[in-house]
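What follows is one structure encoded as C-alpha cells, with my remarks underneath.
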Amino acid sequence: MTESPVQAALSPLLLAEVVTVAEDIAAVLKARPDADVPIPGARWTVGEAAAHLALANQLMSDLARGVDRPYGDGSPDSLADANTASLAAFPERDPVVLAEAIVEHARGFVTAASARSATDRVTTPMGPMDLGVLGSYLIVHMLGHGYDLARALGRPHMIDRQRVDLSMPFLLTAMPRVVEPRTAAGVRASYTIGVRGGLRFGVRIDDGVAEVSEAPPQRPDCTIVSEPVTFLLLALGRCNPWAAIARGRILAWGRKPWLAPGFPTYFTAP
C-alpha cells in the first residue's frame, strides 16, 4: 500500500520567513557586536537578549521535532522564571556566536516542521497549539526581540506587513490565554480589531475572559484599526497606544470609541 503524503503542509512562505527573520536579526547583531548595550525598557543587555533568542529558537526546533520540552506553565511569572534559569545555565554572550545559533536553530525548525503536518498538535510554553501556529509563534517571538535588538543597536527593525500577517495565527490563538485579570476584571465590551488594509476579527471581553472570533461582531462597541507595524508592537507591549493614536497610526470609532486606548491593557504581551 502506498503511504499517504503528509497533509496540510506548513506554508512555504512561513517557513522561508522563519529563516529570513533569523538572518535579519543575525545581521543586526553582527553589524554592531556589543553584548553590553542595554535593551531599552528592559533589564536585559544585547548579549542576554541574543542568548535568549538562540535558546528559544532551539526550544522551538525541538518542539517541531516532537521533543518534550517543559518550559514554565504559560503564566508570565513562570515564563520569566524559566527565561532566567535558562540564561543562567547558558553563559554565551558573544553576539556573533549567538547570531549564528539563532539562524542555525531557525533552520532546524524549518527542517523538522517540513516533515510534519501543520495540524499536528504540540505543547508549547504558551499551551497546546497546531504546528502551523507554532511557526507563527516563532515568527512573533523573533520579531519582538529582534525589534528590541535593532532599537538598542541603532539598526532598522525587521517588521513589515507580510511578517505581521504571518504573526496573526499565533496572536489570535494566544490572546485568550494572556488576559490580564487585574485590568480586564469587570470589563464587558465587544471589539472589531484589524490591520489597516488587512485582516479584521472580533474580540469580546467579559469580566476577565476574552473570546476571539474570526468574524467581527455585527455591532461592536468599538472598532480599532492599526497600521501593521503598530499593530504588532501594540500586541507585544512595545508601543504606547495613546502615542500611536496621536500619530494617526491607530483609528478608532463606533458606539464607544473611548474604549480603544484601554484595549491593549487587557492583555499581557506574550
Side-chain angles (χ1 to χ4, degrees), residues 39-44 49 72-83 125-127 129 136-137 139-141 143-148 151 157 159 163-164 167-196 198-214 216-217 219-270:
I39 299 294
R43 297 181 179 179
W44 285 350
D73 61 11
S75 66
D77 288 343
S78 73
L79 291 177
D81 290 344
N83 290 339
M126 290 294 297
M129 62 186 67
S136 177
Y137 182 3
I139 289 275
V140 170
H141 189 263
L143 289 176
H145 290 293
Y147 175 83
D148 293 341
R151 285 185 65 212
H157 68 72
I159 304 174
R163 291 171 176 178
V164 172
S167 301
M168 297 303 292
F170 170 69
L171 294 176
L172 269 63
T173 298
M175 191 173 287
R177 305 177 185 182
V178 296
V179 176
E180 172 51 65
R182 290 171 297 181
T183 55
V187 175
R188 290 178 172 82
S190 62
Y191 295 84
T192 291
I193 306 296
V195 177
R196 192 175 298 167
L199 178 70
R200 295 194 184 188
F201 58 95
V203 180
R204 183 177 299 277
I205 309 292
D206 187 359
D207 193 18
V209 176
E211 179 183 340
V212 177
S213 59
E214 293 185 4
R219 296 188 66 221
D221 293 313
C222 183
T223 294
I224 307 171
V225 177
S226 306
E227 176 273 331
V229 174
T230 302
F231 176 90
L232 184 59
L233 294 179
L234 280 170
L236 297 178
R238 265 81 168 180
C239 180
N240 181 292
W242 285 108
I245 290 172
R247 294 171 183 166
R249 295 175 182 171
I250 300 174
L251 298 178
W253 66 89
R255 295 180 294 171
K256 301 178 181 179
W258 58 86
L259 293 174
F263 182 79
T265 70
Y266 303 147
F267 306 92
T268 301

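These values consider heavy atoms only, across backbone and side chains, with no hydrogens, waters or symmetry-generated copies.
Counting heavy atoms of neighbouring residues, nucleotides and ligands inside a 6.0 Å radius, atom CZ of R43 does not exceed 12 of them. Around the CZ atom of R177, the shell of radius 6.0 Å holds more than 12 heavy atoms that belong to other residues, nucleotides or ligands. Within a 6.0 Å sphere centred on CZ of R238, other residues, nucleotides and ligands contribute more than 12 heavy atoms.
Here side-chain hydrogen bond (donor to acceptor under 3.5 Å, both in side chains) pairs that include residues 250-260, with residues two or more places apart or in two chains, are D221-R255. The side-chain hydrogen bond (donor to acceptor under 3.5 Å, both in side chains) pairs that include a residue from residues 224-233 are E227-T230, where partners are two or more places apart or lie in different chains.
Results of the side chain to side chain contact (heavy atoms under 4.5 Å, CB included) test with F263 over I250, L234, V187, I224 single out I224 as the only residue that passes.
The distance from the CE atom of M168 to the CG atom of L199 is 4.5 Å, given to the nearest 0.5 Å. One finds the CD1 atom of I139 at 11.5 Å from the CD1 atom of I159 (value rounded to the nearest 0.5 Å). How far CH2 of W242 is from CZ of R247: 14.5 Å, rounded to the nearest 0.5 Å. Distance CZ/F231 to CD1/I193: 7.5 Å, rounded to 0.5 Å. Taken to the nearest 0.5 Å, the CG atom of N83 stands 9.5 Å off from the OG atom of S78.
Take E180 and apply the side-chain hydrogen bond (donor to acceptor under 3.5 Å, both in side chains) test, not counting sequence neighbours, and it matches R182, T268.
In terms of heavy atoms, S213 sits closest to F201 at O-CB, 3.3 Å. When all heavy atoms are compared, the tightest approach of V195 to V225 is C-CG1, 4.0 Å. Shown here for G144 and L236, the closest heavy-atom pair between the two residues is CA-CD1, 3.6 Å.
Residues V209 and V179 have side chains not in contact (no heavy-atom distance under 4.5 Å, counting atoms from C-beta outward). With contacts defined as side-chain heavy-atom distances shorter than 4.5 Å, the pair I205/Y191 qualifies. Contact annotation: the side chain of V178 approaches that of M126 to within less than 4.5 Å [non-hydrogen atoms, C-beta and beyond].
Ring planes of H157 and Y147: tilted class, angle from 30 to 60°.
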